[in-house]
Amino acid sequence: MAELSKTYDPKTVEPKWYQRWIDDHNFEADANSKKKPFSIVMPPPNITGVLTLGHVLNNSIQDILARRARMVGFEVLWLPGMDHAGIGTQTAVEKWLRKNEGVTRHDLGRETFLQRVLEWQDKHGGIIIQQLKRLGCSCDWTRQRYTMDEDYARAVAEVFVDLYEKGLIYRGRRMINWDPAAQTALSDEEVISKPQSGNLYYVRYEIVDEPGNFLEVATTRPETIMADTGVAVHPKDKRYTKLVGKDVWRPMPREKIPVVADDAIDPEFGTGILKVTPAHDKLDFEIGQRHKMAVIDVLTPDGKINCPAVPELDGLDRFDARSRAAELLDARGLLAKAEPYQNNVGFSDRSDVPVEPRLSEQWFLKYPKTKEALVVVKKHLIRFFPRHWEKVYEQWIKNIQDWCISRQVWWGHRIPAWYAKSQIPKTKPQIYVGLKPPKDPENWIQDNDTLDTWFSSWLWAYETMDLKTRKKFYPTSTLVTGPDIIFFWVARMIFAGLEFKPGKTTKTEDNIPFHDVFFTSIIRDKQGRKMSKSLGNSPDPLDLIDKYGADGLRFGLMRIAPSGQDIRFDEKQIEEGRNFATKLWNVARFRQMHGPSEAAPKLEKLSIYAIELLARLNETIDAVEKGYREYEFNTIGQRLYDFIWNDYCDWFVETAKTEIFSADESSKKSALAVMDYVLSAIVRLLHPFMPHITEELWSLLGLGDGSIQFAPLPKKIALKGVDLTKRNLVAAIYETVQAGRNLRALARVPSNQKAKFALRSKEEELSAEQGTIARLLSASELVINPSFQAGAGTPIATTALGEILLIVDVDLSAERDRLDKEIAKVEADLRIVESKLNNKSFVDRAPRDVVELNRQRQETYTEQLRLLKQAREKL
RNA sequence: GCGCGGUUAGCUCAGUGGUAGAGCACUACCUUGACACGGUAGGGGUCAGAGGUUCGAAACCUCUACCGCGCACCA
């Protein structure tokens, strides 16, 4: 047995064990195992990503679940991998190329560019995997997957072809969200609306029949006036009914456009007249369709004005054009007014620029199995933790729209669709969709677009597994993810599972992708702001690991992570995690100083303190068990922290010193055996949270054979034949000790000075505990005598055990004040209890034990009051 | 507008019907034979507000205010 060093050094211990676990293949899942399966697929981080605190939280939880499951006896698969992040990676590589080589992807061409992405990826990608290893993640790295793996990519294409053949995927010209920065279409989920302050411009449109008469139209986007092909009013709006059917002059370029009536108009907004710009607004497009209006597109893909008819604006950026358009209108007397106005604008999640609604030819998916997906969650075949996310999920599914799945980026899964070269313009194009190129490739051109990255991620729960693995481990047990991707990923994986049925049978319960979903918290900074690079408020987890150890970081974070709420991150909390690791280390060191530990200690001649400790351990095991059932990791962490620090270190170990330092070998042995038993339980309970230090202690103390990772979890000890009423005595002793210490502090006896105490108690068994109580009080002498006579002014406190007195000369008036205060407090408590007991309704209706508790309190307080008053009179 | 959370000690958060809790921070004492990343003791809260249910409400119900999030609208 190696000796424990004076301080715990995570920097050497953590990498040492991680390497050992890898070398021993401890994380590898055996698909042939007879054990029951437990599986998790890791939400794949982006290949460009670096570890954030969010990842730390997320993956710590997954690791905790995986490690716990191994100890319970499951065959565990935690399947890691990465995501190719189409838009994100392409943008990152383009940026790098521009900076380092001064070229764009168009300069290179598609094939060369993709080659460069692969090179870049090998060099700079996947850092996060190494970082996850430093955290201690017990993933099966032999099964690591990537969404661009050959097999995986083939599966994505197969799914596309399948859904196309089922008629669920179709190509169509529709209004989509266009990201002018990334120059691609986006799904609705990738658009976030943000409040923006701008102006509401009131623009004058002259009525054709009535020269000199104008309509006023309120708009936030004067730069799109050139694309107006009508104005619209509400059919019941009496102010304008006579105008419906007439024409007005579009201000620029000057052209006749019709006035139509449409129910979609809100008469209350602005002037009640809407300029209809079908090419650049979703609602306008629908109105345009209803009234057969023309569609004029005046924006280029990168968000510039394309309108040679108005040369002043042509070629300008859309935001420059906005103010310029207002100036132009004003100069022509066509701007009635402009008022400051705040509205919501859709931003691209990725590029953080306003999205343009745009009419475009794209691929869409009509979601399969939406009803079924709702049912499996409502019926709790899939359980959400916390439950309230069910409602969010339901709301989304009920309002679901077809998914725009094509992206105008090169990096990703290319759409397996080809168009006939010989097609005559304006006729329906001939489309070929298949896994292999058409037989006569010279006559076809493949679609340039790739698929939305999420269109590959939605297969992640099973396409990452080979058939044998799938048979053993699908459906997965638990998905751990952030609530921010509930639509992007969670819901879509459910659709995919139900639609493609990868399970062993066609039954629904064999095909859902997971049984439980745990939604983690979102980590914010102290001020409640989201962590972001630009704010610089996001600490680097690797720095935190260097400072506090991976175990410290994990524990600190887990203990403050309430389920389903945001976390306010404070480094102090991680420091606590580190301190806790040190505490554990030292209390183990204390044990080791008194000889080797036993892996199977015999629990004999239990002291009353040991009984209390073991009873508390049982309670802790129950609480931890319950915590896991309900995914309340902060509760588990807190319970273990309290048990170890308070029950074990502060109380038990301090009492046990009496036996350990005594000459009685058998009682010393007994105390050490209890320590071994409880330490063994502690490190096993704690192992999922703090894998490295617990493995180190398991090994150094020799608490069991082999790795702690596969040690069975501690079971509750049967305390048969043990007198549990002794717990009351222990509680009374601890209370008395605290009261005695309090007297010391009030009498200003310095901590390093021993003091004489007396205890007036009728408790018979107390003499055996005299030494321990004296130790806890740091007493030079402890007299136990029910009729101890003390001089006037002796500080006194009453407890369940009797009266504790501090034998010391003291200022009488101070002691008088103190007693008066204490008497007042006890009197107040007694009053509360008596008012209850005098209340007939309370006595009749409250549960018996509650009434009984109050009766006992009444007795105790009355007795305390009597003794205190007696003491007070003597002064 | 609809929906979901939240509001408890200076800070971060537990507490779901029976006399308000933890950690940090703060104050005092202490380097005593595991640990100063420590020990002991202490101060500090009309549990956002109002009403209701109840013998009893921080907890359950209703309303209000404020904070956060999602969806819809967003001319």
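Just so it is clear, the model here is predicted, and its values are computed rather than measured. Naming convention: chains lettered A, B, ... in sequence-line order (proteins, then strands); numbering from 1 in each chain.
In this structure A:Trp651 satisfies the ring-ring contact (aromatic ring centres under 6.0 Å, His included) test together with A:Tyr734, sequence neighbours excluded. Among residues two or more places apart in sequence or in another chain, the side chain to side chain donor-acceptor pair (under 3.5 Å) test is passed with A:Asn199 by A:Tyr201. Take A:Tyr548 and apply the ring-ring contact (aromatic ring centres under 6.0 Å, His included) test, not counting sequence neighbours, and it matches no residue. For A:Asp263, the salt bridge (Lys or Arg N to Asp or Glu O under 4.0 Å) criterion is met by no residue, not counting sequence neighbours. For A:Phe689, there are no ring-ring contact (aromatic ring centres under 6.0 Å, His included) partners two or more places apart in sequence or in a different chain.
Residue pairs that meet the salt bridge (Lys or Arg N to Asp or Glu O under 4.0 Å) test with at least one member in residues 735-754 of chain A, sequence neighbours left out, do not exist here.
Contact between the side-chain N/O atoms of A:Gln738 and the OP1/OP2 oxygens of B:A41 is found at a separation under 4.0 Å.
Under the 30°/60° scheme for interplanar angles, the aromatic rings of A:Phe661 and A:Phe590 are found to stand perpendicular. Taking the six-membered ring where the residue is Trp, A:Phe518 and A:Tyr631 present parallel rings, their angle staying beneath 30° rather than reaching 60°. Taking the six-membered ring where tryptophan is involved, the planes of A:Tyr367 and A:Trp403 are essentially parallel, since the angle between them stays under 30° and well short of 60°.
For the pair A:Glu575 and A:Lys547, the salt-bridge criterion is not met [side-chain N within less than 4.0 Å of a carboxylate O].
For the contact set between residues 277-291 of chain A and RNA chain B, defined by any heavy atom under 4.0 Å, the members are A:Asp281, A:Leu283. Residues from residues 740-752 of chain A lying near RNA chain B, meaning a heavy-atom separation below 4.0 Å, are A:Arg741, A:Asn742, A:Ala745, A:Arg748, A:Pro750, A:Ser751, A:Asn752 in numerical order. Residues of residues 573-581 of chain A that place a heavy atom closer than 4.0 Å to RNA chain B, in numerical order, are A:Gln573, A:Glu576, A:Arg578, A:Asn579.
Nucleotide B:G5 is matched to B:C67 when pairs are restricted to Watson-Crick or G-U wobble geometry with both distances under 3.5 angstrom. Pair check for B:U12 finds B:A22; Watson-Crick or G-U wobble, both atom distances under 3.5 Å.
Comparing A:Lys572 and A:Thr582 against RNA chain B, the residue whose closest nucleotide sits nearer the 5' end is A:Lys572.
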Show the distances under 3.5 angstrom between N or O atoms of the protein and N or O atoms of nucleotides 44-48 of chain B.
none

Identify the pairs formed between an N or O of the protein and an N or O of nucleotides 69-72 of chain B at a distance under 3.5 Å, and give each distance.
{"unit_1": "B:G70", "atom_1": "N2", "unit_2": "A:Gln395", "atom_2": "NE2", "d": "3.2"}

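Residues A:Tyr202 and A:Glu339 have side chains that bring a donor and an acceptor to within less than 3.5 angstrom of each other. A:Asn634 and A:Gln638 share no donor-acceptor pair across their side chains, judged by distance under 3.5 Å alone. Side-chain contact annotation: A:Asp262 with A:His234, donor-acceptor N/O pair under 3.5 Å absent.
Rounded to a whole angstrom, the distance from the C1' atom of B:G42 to that of B:G3 is 47 Å. A gap of 47 Å separates the C1' atoms of B:G52 and B:U40, to the nearest Å. Here, B:C67 and B:G18 have their P atoms 33 Å apart, quoted to the whole Å.
Here the side chain of A:Phe661 is nearest to one of B:G23, B:G5, B:A34, namely B:A34.
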Name the atoms and distances for all side-chain donor-acceptor pairs under 3.5 Å in residues 217-230 of chain A, with sequence neighbours left out.
{"unit_1": "A:Thr219", "atom_1": "OG1", "unit_2": "A:Arg221", "atom_2": "N", "d": "2.9"}
{"unit_1": "A:Arg221", "atom_1": "NE", "unit_2": "A:Glu223", "atom_2": "OE2", "d": "3.0"}
{"unit_1": "A:Arg221", "atom_1": "NH1", "unit_2": "A:Glu356", "atom_2": "OE1", "d": "3.0"}
{"unit_1": "A:Arg221", "atom_1": "NH2", "unit_2": "A:Glu223", "atom_2": "OE2", "d": "3.1"}
{"unit_1": "A:Arg221", "atom_1": "NH2", "unit_2": "A:Glu356", "atom_2": "OE1", "d": "3.4"}
{"unit_1": "A:Arg221", "atom_1": "NH2", "unit_2": "A:Glu356", "atom_2": "OE2", "d": "2.8"}
{"unit_1": "A:Glu223", "atom_1": "OE1", "unit_2": "A:Arg322", "atom_2": "NE", "d": "3.2"}
{"unit_1": "A:Glu223", "atom_1": "OE2", "unit_2": "A:Arg322", "atom_2": "NE", "d": "3.3"}
{"unit_1": "A:Glu223", "atom_1": "OE2", "unit_2": "A:Arg322", "atom_2": "NH2", "d": "3.0"}
{"unit_1": "A:Thr224", "atom_1": "OG1", "unit_2": "A:Arg221", "atom_2": "O", "d": "2.9"}
{"unit_1": "A:Thr224", "atom_1": "OG1", "unit_2": "A:Lys275", "atom_2": "NZ", "d": "2.8"}
{"unit_1": "A:Asp228", "atom_1": "OD1", "unit_2": "A:Lys275", "atom_2": "NZ", "d": "2.8"}
{"unit_1": "A:Asp228", "atom_1": "OD1", "unit_2": "A:Thr277", "atom_2": "OG1", "d": "2.9"}
{"unit_1": "A:Asp228", "atom_1": "OD2", "unit_2": "A:Tyr205", "atom_2": "OH", "d": "2.5"}
{"unit_1": "A:Thr229", "atom_1": "OG1", "unit_2": "A:Ala294", "atom_2": "O", "d": "2.9"}

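One can find a donor-acceptor pair under 3.5 Å joining the base of B:C35 and the side-chain atoms of A:Lys583.
Residue-level contact check: A:Glu654 touches the bases, meaning some heavy atom is under 4.0 Å from a base atom.
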